[in-house]
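One structure is given below, encoded as structure tokens.
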Amino acid sequence: MFKPLHNYVLLSRQEEETKTAGGIIIPDTAKEKPVRGKVIAVGDGIYENGQKIPMSVKTGDIVLFAKWASSANEVKMDGTDYVLIKESDILGIL
């Protein structure tokens, strides 16, 4: 299994709803990439001023991350698409 380094987090994207609350089906061409993901693996954290800063997220958490995250890298492993992102680009845990 892949183990991210430092403050990186490996996510699998969680698909968004394909239908609105009013029942309108959203076509594939109008969909955006999901900004919600499940944490698959986390790094050990980083050191700042000689002290280790632990990670705030853990494996299994569902998180919301920045749509235009500067650190986001698309990764494909064993036929599955993942996102490798810095923890600082995660907006919150759902």
Side-chain angles (χ1 to χ4, degrees):
M1 182 61 176
F2 180 81
K3 171 80 171 153
L5 296 177
H6 309 297
N7 63 339
Y8 276 91
V9 179
L10 185 68
L11 304 171
S12 66
R13 288 186 190 267
Q14 300 290 301
E15 292 302 318
E16 301 292 326
E17 292 293 322
T18 58
K19 197 188 313 185
T20 65
I24 298 171
I25 297 174
I26 303 168
D28 288 340
T29 55
K31 290 182 189 173
E32 294 183 5
K33 285 187 177 180
V35 292
R36 186 190 313 208
K38 181 176 182 180
V39 176
I40 304 301
V42 296
D44 292 327
I46 58 172
Y47 283 90
E48 233 174 64
N49 299 324
Q51 292 193 353
K52 187 173 183 174
I53 309 294
M55 301 292 278
S56 300
V57 297
K58 63 185 181 312
T59 301
D61 284 346
I62 304 296
V63 298
L64 188 66
F65 58 93
K67 185 182 227 175
W68 306 109
S70 61
S71 69
N73 294 293
E74 301 285 334
V75 179
K76 190 170 199 154
M77 291 184 285
D78 300 325
T80 306
D81 292 325
Y82 296 100
V83 178
L84 187 62
I85 192 169
K86 281 189 176 180
E87 185 185 35
S88 59
D89 286 325
I90 293 176
L91 305 173
I93 301 170
L94 298 172

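Fair warning: this is a prediction, and the values are worked out from it, not measured in the lab. Here, residue 1 is the first one in the sequence, and each next residue gets the next number.
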Does a side-chain heavy-atom distance below 4.5 Å link L84 with F2?
yes
Is the count of non-hydrogen atoms from other residues, nucleotides or ligands lying under 6.0 Å from K76 atom NZ greater than 12?
no
Find the distance between CD1 (I85) and CG (L10) and round it off to the nearest 0.5 Å.
11.0 Å
Heavy-atom check, side chain of D61 versus side chain of K38, under 4.5 Å
no
Is there a continuous path of hydrophobic side-chain contacts, each under 4.5 Å between heavy atoms, that joins I93 to V39?
yes
Looking at H6 and M55, what are the two nearest heavy atoms and their distance?
O-SD, 4.0 Å
Above 12 or not: heavy atoms from other molecules or residues under 6.0 Å from CG of D81?
yes
Kindly indicate, with the supporting measurements, whether the criterion side-chain contact (heavy atoms from CB on, under 4.5 Å) is fulfilled by V42 and E87.
CA-CA 9 Å; V42 296; E87 185 185 35; over 6 Å; no
State the CG-CD1 distance between L11 and I90, to the nearest 0.5 angstrom.
5.5 Å
My understanding is that a hydrophobic cluster links ILVMFWY residues whose side chain heavy atoms are under 4.5 Å apart, including indirect links. Using that, what else belongs to the cluster containing I46?
I53
Which heavy atom in Y8 sits nearest to a heavy atom in K86, and how many Å separate them?
OH-CE, 3.3 Å
Would you sort out whether R36 and I62 count as a side-chain contact (heavy atoms from CB on, under 4.5 Å), showing the intermediate values?
CA-CA 7 Å; R36 186 190 313 208; I62 304 296; 3.7 Å; yes
Are M77 and I40 in one and the same hydrophobic cluster, where Ile, Leu, Val, Met, Phe, Trp and Tyr link if side-chain heavy atoms are under 4.5 Å apart?
yes
